[in-house]
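For reference, positions follow the sequence shown, starting with 1.
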Amino acid sequence: MADFMEKHQGLMNMLKLLVGVIVIVAIVNALGIFKSATVAVEIEDEVFTITYEDETVIQFSKDDIQSAELVTAFTMGEAVETLSGEKYTVGTWENEDWGQYTLCIKQSVERYIVLTTTDGAVCVFNYESADTTESMCSALLAW
């Protein structure tokens, strides 16, 4: 047995390394370290909902829309409460223009929908790409 171990020491070391890598990958997956953030948009009946990581961020009914405007820039202001991740900035923010408002944006997309509701709440969001965001704004205005 000792001869076998000496002859195959390199193979044994490779197997130990492989087992170590598998254990590390399993731990990383279990902790969700490389899990990519998700944003979902849903229109069900008369309600528009945006969720980030399975938590509702923005929700309003068709009748709640006072205005929807497409912009390429705005002053973000200060974070009040955030759920932000690596690709998204999400949460409650406050600026001089709107006071407290809800934000859900993909950082790499430089188009934003500024939606104002009939009760004066402001929501700023985008989705997937500049083109998709523009289409969504048009769809909301037509909705």
Side-chain angles (χ1 to χ4, degrees), residues 4-143:
F4 177 81
M5 294 297 278
E6 286 177 25
K7 280 176 98 173
H8 297 90
Q9 188 62 40
L11 179 61
M12 296 301 285
N13 288 341
M14 285 288 262
L15 286 174
K16 288 177 185 177
L17 179 63
L18 181 60
V19 168
V21 169
I22 290 171
V23 168
I24 290 170
V25 168
I27 290 170
V28 166
N29 282 336
L31 295 175
I33 292 172
F34 293 116
K35 180 182 173 189
S36 73
T38 58
V39 169
V41 173
E42 185 176 327
I43 297 176
E44 191 172 280
D45 297 323
E46 298 288 312
V47 178
F48 179 86
T49 305
I50 297 177
T51 58
Y52 172 76
E53 293 296 309
D54 298 326
E55 187 169 329
T56 299
V57 177
I58 297 169
Q59 187 173 49
F60 54 86
S61 72
K62 180 179 178 178
D63 296 334
D64 289 339
I65 299 173
Q66 181 177 339
S67 66
E69 176 185 6
L70 188 67
V71 299
T72 57
F74 67 98
T75 303
M76 196 175 294
E78 299 291 322
V80 175
E81 182 180 341
T82 66
L83 307 169
S84 301
E86 189 174 306
K87 293 181 181 181
Y88 296 93
T89 302
V90 180
T92 303
W93 289 68
E94 186 171 2
N95 69 16
E96 290 182 15
D97 297 324
W98 308 309
Q100 281 196 2
Y101 68 98
T102 305
L103 180 69
C104 184
I105 60 170
K106 185 173 184 178
Q107 297 159 357
S108 63
V109 177
E110 294 181 355
R111 296 275 189 284
Y112 314 96
I113 298 170
V114 178
L115 184 128
T116 305
T117 63
T118 53
D119 65 358
V122 174
C123 307
V124 179
F125 60 97
N126 61 18
Y127 190 62
E128 291 183 356
S129 68
D131 290 341
T132 304
T133 300
E134 288 180 30
S135 296
M136 185 178 293
C137 188
S138 298
L140 284 172
L141 290 171
W143 185 35

Just so I know, are the side chains of Phe48 and Asp64 near enough to count as touching, which here means a heavy-atom distance under 4.5 Å?
no

Would you mind writing out the side-chain donor-acceptor pairs for residues 68-75 within the sub-3.5 Å range, not counting sequence neighbours?
none

For residues 130-138, run the donor-acceptor check on the side chains, cut-off 3.5 Å, and write out each pair with its distance to 0.1 Å, sequence neighbours left out.
unit_1	atom_1	unit_2	atom_2	d
Thr132	OG1	Ser129	OG	2.9
Thr133	OG1	Tyr127	N	2.9
Thr133	OG1	Tyr127	O	3.2
Thr133	OG1	Ser129	O	2.8
Glu134	OE2	Arg111	NE	2.8
Ser135	OG	Asp131	O	3.1
Ser138	OG	Glu134	O	3.3

Under 3.5 Å side-chain donor-acceptor pair for Ser61 and Asp63
no

Looking only at heavy atoms, what is the nearest atom pair of Leu115 and Phe60, with distance?
CD1-CZ, 3.5 Å

Could you walk me through whether Thr56 and Gln59 pass side-chain contact (heavy atoms from CB on, under 4.5 Å), step by step?
CA-CA 7 Å; Thr56 299; Gln59 187 173 49; 4.0 Å; yes

Verify side-chain contact (heavy atoms from CB on, under 4.5 Å) between Phe125 and Lys106, making sure each step is shown before the conclusion.
CA-CA 8 Å; Phe125 60 97; Lys106 185 173 184 178; over 6 Å; no

Evaluate the side-chain hydrogen bond (donor to acceptor under 3.5 Å, both in side chains) criterion for residues Thr89 and Gln107: first the C-alpha distance (whole Å), next the side-chain angles of each, then the deciding distance (0.1 Å), finally the verdict.
CA-CA 7 Å; Thr89 302; Gln107 297 159 357; 2.7 Å; yes

On a heavy-atom basis, which atom in Val109 and which in Glu128 lie closest, and how many Å separate them?
CG2-O, 3.5 Å

side-chain contact (heavy atoms from CB on, under 4.5 Å) involving Gln100 - partner list, sequence neighbours excluded:
Val80, Thr92, Glu94

Taking atom CD1 of Ile105 and atom CD1 of Ile113, what is their separation to the nearest 0.5 Å?
12.0 Å

Decide side-chain contact (heavy atoms from CB on, under 4.5 Å) for Val57 and Thr102; before the verdict, give the C-alpha distance in whole Å, the side-chain angles of both, and the deciding distance to 0.1 Å.
CA-CA 7 Å; Val57 177; Thr102 305; 3.7 Å; yes

Within this structure, what is the CH2-CD distance for the pair Trp93 and Glu81, rounded to the nearest 0.5 Å?
12.0 Å

Can you tell me how far SG of Cys104 sits from CG of Asn126, rounded to the nearest 0.5 angstrom?
7.5 Å

Nearest atoms (heavy-atom pairs only) where Asn95 meets Gly77:
CB-CA, 4.0 Å

Side chain proximity check, Val114 to Val122, heavy atoms < 4.5 angstrom
yes

